[in-house]
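Read through the structure below, which is laid out as structure tokens, and then see the notes.
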Amino acid sequence: VVPNSFATMQDLVSWYGAPDDWDCQVIHWGVDTGMFVPPHRDSEDVVHRHDEIRSRFSIPQDSLFILAVGRLAARKGNGFLLRSFAKLVESTDANLLIIGRGGLRRKLIRMAYRLGIGDRVSIESSMNFQEVSEMYRVADLVVYPSYYEGQGLIPLEAMSSGTPVVTVNHGPLPEMVDETVGALFEMGSVESFSEAIVSESSSKSALLEKGERGRSRVMDKFTLEHNANDFLDVYKRAISNS
């Protein structure tokens with residue numbers, strides 16, 4: 001049995017009564033580190049492209065650009081994200097872009113306007129992987145408020161792109177994200193979320209350093225090559241045992 005996080009392994013034990021002698025190895029899934037790459041910050045073309053993207057979504061150059069990626073489904077926590085973002089903008093100049101498909105899009109847009117943040121929130125549902133990878137590179141922070149995940153690849157995609165991540169201190173997320181590459185907040189707490197964002201955005205240089213450490217962590221532990229080698233070991237062990 002090969003779960004993709006220690007949290008999922010614990011779920012298997014508690015929900016299905018796994019035997020004491022079971023053969024179980026956790027293998028965290030990796031991401032495409034060739035697609036999700038950090039920006040070339042010294043390139044004039046890159047800077048120009050970043051300016052174009054901010055203009056497209058009406059994000060001022062000095063505003064904090066927050067990105068959220070994931071399906072527009074209840075368990076992904078988008079409603080909580082909007083409530084927390086409404087609290088955040090009381091003290092921080094920030095804009096939010098949500099990328100994802102799902103049936104909640106209209107409901108979330110209406111919710112944003114009810115909260116008074118409709119002019120600071122954009123929801124995109126038609127981007128391909130290449131476009132999403134570019135958004136990771138342009139954003140200042142990636143947030144991931146999901147209530148439940150088997151592992152969750154969005155934080156790794158962001159880290160691979162050199163962008164710090166703010167996510168929940170629950171389930172498998174702390175297996176990938178900690179204070180050296182981003183921040184964790186208490187699930188369901190608007191105050192904890194807002195405080196984490198304010199703290200993370202207080203220093204541009206600290207954000208860049210965390211982004212660099214995030215990229216290094218992915219390259220060390222969460223690549224597709226690591227996955228292939230780990231699964232080969234599992235297959236070889238299974239063959240030898242049979």
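The structure displayed is predicted, hence computed values, not measured ones.
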Item to check | Stepwise side chain to side chain donor-acceptor pair (under 3.5 Å) test for H48 and E52 | outcome: CA-CA 6 Å; H48 178 67; E52 285 183 338; 3.1 Å; yes
Checklist entry - What is the distance from atom CG of L82 to atom CZ of R120, rounded to the nearest 0.5 Å? => result 13.5 Å
Checklist entry - Please walk me through it: do V69 and V142 pass side-chain contact (heavy atoms from CB on, under 4.5 Å)? => result CA-CA 8 Å; V69 180; V142 170; 5.6 Å; no
Item to check | Trace of the side-chain contact (heavy atoms from CB on, under 4.5 Å) decision for V165 with V181 | outcome: CA-CA 7 Å; V165 180; V181 299; over 6 Å; no
Item to check | Heavy atoms of other groups near F231 CZ, more than 12 under 6.0 Å | outcome: yes
Next on the checklist: To the nearest 0.5 Å, what is the distance between CG on N241 and NZ on K236?
Outcome noted: 14.0 Å
Item to check | Heavy-atom pair with the smallest gap, counting every atom of P39 and V46 | outcome: CB-CG1, 4.3 Å
Checklist entry - Just by distance, do the side chain of S202 and the backbone of S199 share a donor-acceptor pair under 3.5 Å? => result yes
Next on the checklist: Looking at G150, is its backbone amide N or carbonyl O close enough to the side chain of T8 to form a donor-acceptor pair, meaning the two atoms are under 3.5 Å apart?
Outcome noted: yes
Item to check | side chain to side chain donor-acceptor pair (under 3.5 Å) against Q25, all qualifying residues, sequence neighbours excluded | outcome: R237
Item to check | Backbone of E157 reached by a side-chain donor or acceptor of S160 within 3.5 Å | outcome: no
Item to check | Shared hydrophobic cluster, L184 / M159 (ILVMFWY, side-chain heavy atoms < 4.5 Å) | outcome: yes
Next on the checklist: Membership question, hydrophobic clusters at under 4.5 Å side-chain separation (ILVMFWY): are W22 and V26 in the same one?
Outcome noted: yes
Checklist entry - Do V121 and Y113 touch side chain to side chain, with heavy atoms closer than 4.5 Å? => result no
Checklist entry - How are the rings of F80 and F185 set to each other: parallel, tilted or perpendicular (split at 30° and 60°)? => result parallel
Next on the checklist: Let me check something: do L104 and I154 share a hydrophobic cluster, defined by ILVMFWY side-chain heavy atoms less than 4.5 Å apart, either directly or through other members?
Outcome noted: yes
Next on the checklist: Under a 4.0 Å threshold between the charged nitrogen and the carboxylate oxygen, would R215 count as salt-bridged to E212?
Outcome noted: no
Checklist entry - Of the non-hydrogen atoms in S63 and I59, which two are nearest, and what is the gap between them? => result CB-CG2, 4.2 Å
Item to check | D23, L12, V234 screened by side-chain contact (heavy atoms from CB on, under 4.5 Å) with V1, the one that passes | outcome: L12
Checklist outcome for this item: Looking only at heavy atoms, the pair that brings A139 and T163 closest together is O-CG2, 3.7 Å
Item to check | Gap between atom CZ of R137 and atom CG of L67 - 0.5 Å precision | outcome: 12.0 Å
Checklist outcome for this item: Separation between OG1 (T180) and CG (D178), nearest 0.5 Å, reads 3.5 Å
Checklist entry - Taking atom CD1 of I66 and atom OG1 of T92, what is their separation to the nearest 0.5 Å? => result 8.0 Å
Item to check | Main-chain N/O of T223 paired with T33 side-chain donor or acceptor, under 3.5 Å | outcome: no
Checklist entry - Hey, mind stepping through F65 and L97 against side-chain contact (heavy atoms from CB on, under 4.5 Å) and telling me if it holds? => result CA-CA 8 Å; F65 181 5; L97 171 63; 3.7 Å; yes
Item to check | All pairs passing salt bridge (Lys or Arg N to Asp or Glu O under 4.0 Å) where residues 102-111 contributes a residue, at least two apart | outcome: none
Checklist entry - Given the rule that I, L, V, M, F, W and Y join up when any side-chain heavy atoms are under 4.5 Å apart, are M35 and V138 in one cluster? => result yes
Checklist entry - Within the side chain of E175, is there an N or O that forms a donor-acceptor pair under 3.5 Å with the backbone of F6? => result yes
Item to check | Closest non-hydrogen atom pair, F85 against A94 | outcome: CZ-O, 3.4 Å
Next on the checklist: If you take the centroid of each ring, where Trp contributes its six-membered ring, are Y148 and H170 closer together than 6.0 Å?
Outcome noted: no
Checklist entry - Between R54 and D62, is there a salt bridge with N-O shorter than 4.0 Å? => result no
Item to check | Sidechain N-carboxylate O distance under 4.0 Å for E179, K210 | outcome: no
Checklist entry - Where is the tightest heavy-atom contact between S146 and E149, given as atom of each residue plus distance? => result OG-OE2, 2.8 Å
Checklist entry - Is L108 reachable from M127 through a run of I, L, V, M, F, W or Y residues, each pair having side-chain heavy atoms under 4.5 Å apart? => result yes
Checklist entry - Where is the tightest heavy-atom contact between G100 and L72, given as atom of each residue plus distance? => result O-CD1, 3.4 Å
Next on the checklist: Applying side-chain contact (heavy atoms from CB on, under 4.5 Å) to F57 and N95, what does each step give before you reach the verdict?
Outcome noted: CA-CA 9 Å; F57 294 104; N95 286 74; over 6 Å; no
Next on the checklist: Determine whether a donor-acceptor pair (N or O, by modelled atom type, separation under 3.5 Å) exists between the side chain of E131 and the backbone of N128.
Outcome noted: yes
Checklist entry - Roughly how far, to the nearest 0.5 Å, is OG of S194 from CZ of R83? => result 11.5 Å
Next on the checklist: Using modelled atom types and a 3.5 Å cut-off, is there a donor and acceptor pairing between side-chain atoms of Q151 and backbone atoms of W29?
Outcome noted: yes
Checklist entry - Is E225 atom CD crowded by more than 12 heavy atoms from other residues, nucleotides or ligands, each under 6.0 Å away? => result no
